[in-house]
Amino acid sequence: MNTYEMHTTQKFTDRGILGIWLVMCSPVTTGLLYWWPVHIIAANETAAEFGYRSASLPGSALFVALLLIASSLAFIAGCILLLIGRSQETIVRRLARPKTAGQLRGAWASAHDAPPQPGFYEGDAWRR
């Protein structure tokens, strides 16, 4: 039975860092885009109660809707960039082979590591 030691490091590439920013910033942007028309509509209703007209929504509702769609797509793109924007490096080192003479093997040991038994041929699973 061989013993191995593995050391793995994982880092974000430039795409992964962009994905982090998109995932973190797009929900904040979406929240502000929801707040903006709701705040303007509420201000217009309050102004209408007192008989004067307040500032209207700059641009159109279509512009806000397009910004919301763009912000939502940025979040999805950020999730994808988080998945593909990674760099992984694994170093595998073989440790010294332990002595197995006289030791009992556990049920988890593979048959490949076991010494050949009488009645079996190497690579053949059928008893002769």
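Each residue takes its place number in the sequence, starting with 1. What you see is a predicted model; the values in this text were computed from it and never measured.
Heavy atoms only, all atoms of each residue included: Leu81 and Arg15 are closest at CB-O, 3.5 Å. The two residues Ser26 and Ser71 have their closest heavy-atom pair at O-OG, 2.9 Å. Scanning both residues, Leu82 and Gly16, for their nearest heavy atoms gives CD2-O, 3.9 Å.
Applying the side chain to side chain contact (heavy atoms under 4.5 Å, CB included) rule to Tyr34 yields the partners Thr30, Leu68; only residues at least two apart in sequence or on another chain are considered. Scanning for salt bridge (charged side-chain N to carboxylate O under 4.0 Å, His left out) contacts around Glu5 gives Arg93, with sequence neighbours left out. In terms of the side chain to side chain contact (heavy atoms under 4.5 Å, CB included) criterion, residue partners of Ile69 (sequence neighbours excluded) are, by chain and number, Leu73.
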Determine, step by step, whether Leu22 and Phe75 satisfy the side chain to side chain contact (heavy atoms under 4.5 Å, CB included) criterion, reporting the C-alpha distance in whole Å, the side-chain angles of both residues, the deciding distance to 0.1 Å, and the verdict.
CA-CA 6 Å; Leu22 288 174; Phe75 180 80; over 6 Å; no
Leu18 and Asp14: side chain to side chain contact (heavy atoms under 4.5 Å, CB included), yes or no, with the steps?
CA-CA 6 Å; Leu18 175 63; Asp14 293 339; over 6 Å; no
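Expressed to the nearest 0.5 Å, how far SG of Cys25 lies from CD1 of Ile20 amounts to 11.0 Å. The CD1 atom of Ile84 sits 8.0 Å away from the OG1 atom of Thr13 when rounded to the nearest 0.5 Å. Here the straight-line distance linking atom CG of Leu32 with atom CG of Leu67 works out to 11.5 Å at 0.5 Å rounding.
Under the 4.5 Å side-chain heavy-atom criterion for ILVMFWY residues, no single connected hydrophobic cluster contains both Leu83 and Ile76.
In terms of modelled atom types and a separation under 3.5 Å, the side chain of Thr8 and the main chain of Thr90 share no donor-acceptor contact.
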